[in-house]
Trainee: 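This is the structure, below, for whatever I ask next.
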Amino acid sequence: MLQPTPSDPDLRARFLGGMAAAACTVNVVTTDGAAGRFGVTVSAMASVSADTERPTLLVCVHRQSRAAEAIRENGVFCVNVLRDDQSYISDCFAGRYRTPDGDKFSCARWTTQVTGAPRVVDPLVAFDCRLVSQVEVGTHYVFFGAVADLYRAEPGSPLIYANRAYGTPTRHADRAAEAPPATEALRVGAFHTFGPHLLPGLLGRLSEAGHAIDLKLLEGDQRRVVEGLKAGEVDLALVYDLDLGEGLATDPLDALQPYVLLAEGHPLAARAALALEDLASEPMILLDAPPSGRYFLSLFEAAGLAPTVRVRTLSFEMARGLVAHGFGYALLATRPASGLSYDGRPLVSRPLDRAVAPSRLVLARRAEGRLGPAAEAFRRACAARFADAPAEMPALEPTP
């Protein structure tokens, strides 16, 4: 056993800095058995040999991790090599995020293969292993595993970790096919409810300023867009200032006060403003795209109330359509210019009778690293857009 005896602290620091620059895949190593079910995120994973009785690989796990002792006792482990859109799983097993129920395994769906060690349902690759030997080196156990089974998804791209940040690989052939130098590459993500309302106008500002943009757009719920930002799929993201985790910097843009959406003939539409107490017993159409649903429910919880949720939907326009057809009211933050649902039915909006905790809109970016010219121009366009406080977005209020 090699104990940690750093005789040269400067060399140790330079070694850690050098290893931080070495790109590697992000892996969640799991185990289950008599010692219990555990998992941990690791970057130190490598092939040993394909020519042993069974192919072998190694993983390095810190000896203070609860997963390390469980792997030793259970004698099995599964190496889940994560896809480039699975940084959330990595963050959960690294302890950066805490799931609502406190169980790391609730962040993904799981199955098993031969050994019974948990496997993410849809990783890029998974190696199901039996422990054949182990060595304790310094602060870590080096576990050698014989591969009992293997899962591989195609196509896919791995989640990469380098320079203390997530990334995604780019093929040289892809670089050769990039847009000509006359265009500026802009990679931006947007939360899918307010993205269509904001992003086209922001891009229009860039075009009017003379920027020829080669756009890559990522749309989705908060978790998907944040994962894409951390993984390097995009450089900037318009999101809520909720559940962002570590490694991101933000430019505050606005605070959105929610409003009540009603069908034109709804009895409550006759009032100038509505209290949460007025709404609690009414059927609610809950926009449940994370984190919106949790936010809207929290407003009632803070007032000591419980809403009557009739329908949950992930779609902004579905919520508006159900409201227009009389199925209930909705709380929303983004206010489209049109007062009609998709199928042409009239809608009305009413403010709440009191100020409540707003949902804060930010432009997020990775804390480490530099933005290109188009991304910096987009940041300036966002700052100008919200400084202008245009009339077409009356639901927005300046951030304190």
Side-chain angles (χ1 to χ4, degrees), residues 85 88 100 109 188-202 217-228 237-243 254-269 271 274 276 278-301 305-352 356-361 392-396:
D85 61 351
Y88 177 71
R109 293 184 299 123
V188 62
F191 186 64
H192 60 81
T193 62
F194 56 68
H197 186 65
L198 294 176
L199 197 54
L202 291 167
L217 178 61
L218 173 65
E219 298 175 277
D221 63 19
Q222 180 93 352
R223 192 177 88 175
R224 176 67 184 97
V225 175
V226 171
E227 282 183 351
L238 288 162
V239 290
Y240 287 121
D241 191 13
L242 291 169
D243 302 330
D254 264 283
L256 288 73
Q257 280 288 329
Y259 65 92
V260 184
L261 187 72
L262 300 160
E264 188 177 52
H266 195 289
L268 293 179
R271 303 187 189 182
L274 295 168
L276 291 171
D278 298 328
L279 301 172
S281 61
E282 296 284 333
M284 181 184 191
I285 309 300
L286 179 63
L287 178 60
D288 206 18
S292 298
R294 180 157 49 89
Y295 165 70
F296 292 131
L297 293 177
S298 74
L299 301 179
F300 288 94
E301 183 179 353
L305 300 168
T308 306
V309 177
R310 182 175 185 182
V311 180
R312 296 173 182 260
T313 177
L314 301 177
S315 167
F316 182 76
E317 287 299 338
M318 179 63 76
R320 284 167 50 83
L322 290 171
V323 168
H325 282 266
F327 286 92
Y329 73 93
L331 285 179
L332 300 173
T334 303
R335 193 191 302 268
S338 172
L340 301 176
S341 64
Y342 261 3
D343 59 353
R345 289 182 174 253
L347 293 159
V348 297
S349 60
R350 295 291 181 264
L352 293 174
V356 296
S359 52
R360 300 186 182 276
L361 177 65
E392 70 265 23
M393 200 168 188
L396 297 181

Trainee: Is D243 salt-bridged to R294, cutoff N-O under 4.0 Å?
Mentor: yes
Trainee: Looking at side-chain heavy atoms only, is the closest gap between D343 and H325 below 4.5 Å?
Mentor: yes
Trainee: Backbone N or O of L242 within a donor-acceptor pair of the R360 side chain at under 3.5 Å?
Mentor: no
Trainee: Decide if atom CD of E317 counts as having more than 12 heavy atoms of other residues, nucleotides or ligands within a radius under 6.0 Å.
Mentor: yes
Trainee: Assess whether side-chain contact (heavy atoms from CB on, under 4.5 Å) is satisfied between L352 and L279, documenting all intermediate values.
Mentor: CA-CA 10 Å; L352 293 174; L279 301 172; 4.2 Å; yes
Trainee: When rounded to the nearest 0.5 angstrom, what is the spacing between CD in E264 and CG in L340?
Mentor: 9.0 Å
Trainee: Is there a donor-acceptor contact under 3.5 Å from the side chain of T308 to the main chain of A280?
Mentor: yes
Trainee: Do E227 side-chain atoms and Y88 backbone N/O form a donor-acceptor pair below 3.5 Å?
Mentor: yes
Trainee: Any non-hydrogen side-chain atom of D221 less than 4.5 Å from a side-chain atom of L314?
Mentor: no
Trainee: How far does OG1 of T313 sit from CG of L287, to the nearest 0.5 angstrom?
Mentor: 7.0 Å
Trainee: Could you pull out the closest heavy-atom pair between G195 and P200, with the gap in Å?
Mentor: O-CD, 3.6 Å
Trainee: Within this structure, what is the OH-CG distance for the pair Y329 and L261, rounded to the nearest 0.5 Å?
Mentor: 12.0 Å
Trainee: Would you name the heavy atoms of Q257 and V356 that are closest together and state the gap between them?
Mentor: NE2-O, 2.7 Å
Trainee: Nearest heavy-atom pair of A263 and A324: which atoms, and what distance?
Mentor: CB-O, 3.9 Å
Trainee: Taking all non-hydrogen atoms of both residues into account, name the closest pair between H197 and A337 and its distance.
Mentor: CE1-N, 4.4 Å
Trainee: Of all the heavy-atom pairs spanning I285 and A319, show the shortest one and how long it is.
Mentor: CG2-CA, 3.9 Å
Trainee: Do you know the tightest heavy-atom contact between Q222 and V239?
Mentor: OE1-CB, 3.5 Å
Trainee: Step by step, would you call S292 with F191 a side-chain contact (heavy atoms from CB on, under 4.5 Å)?
Mentor: CA-CA 10 Å; S292 298; F191 186 64; 3.6 Å; yes
Trainee: When rounded to the nearest 0.5 angstrom, what is the spacing between CG in L198 and OG1 in T334?
Mentor: 7.0 Å
Trainee: Let's go through L331 and F300 carefully: what are the C-alpha distance in whole Å and the side-chain angles of both, what is the deciding distance for side-chain contact (heavy atoms from CB on, under 4.5 Å) to 0.1 Å, and is it a yes or a no?
Mentor: CA-CA 11 Å; L331 285 179; F300 288 94; 3.7 Å; yes
Trainee: Which residue in the set L217, L202, L218 passes side chain to side chain contact (heavy atoms under 4.5 Å, CB included) when paired with V188?
Mentor: L217
Trainee: Below 4.5 Å, heavy atoms only, C-beta onward: do V309 and L297 meet side chain to side chain?
Mentor: yes
Trainee: Using 30° and 60° as the class boundaries, would you call the ring planes of F194 and Y240 parallel, tilted or perpendicular?
Mentor: perpendicular
Trainee: Report the distance from atom OG of S359 to atom OH of Y295, rounding to the nearest 0.5 Å.
Mentor: 4.5 Å
Trainee: Just wondering, do R271 and R350 contact through their side chains at under 4.5 Å, heavy atoms?
Mentor: no
Trainee: To the closest 0.5 Å, what do you measure between CZ (R312) and CG (D288)?
Mentor: 5.0 Å
Trainee: Is the closest side-chain heavy-atom distance between V260 and L268 below 4.5 Å?
Mentor: no
Trainee: Between E282 and H266, does the side-chain contact (heavy atoms from CB on, under 4.5 Å) criterion hold? Intermediate values first, please.
Mentor: CA-CA 11 Å; E282 296 284 333; H266 195 289; 3.7 Å; yes
Trainee: Are R223 and P290 close enough that some pair of their side-chain heavy atoms sits under 4.5 Å apart?
Mentor: no
Trainee: Does P307 reach the side chain of F296, with side-chain heavy atoms less than 4.5 Å apart?
Mentor: no
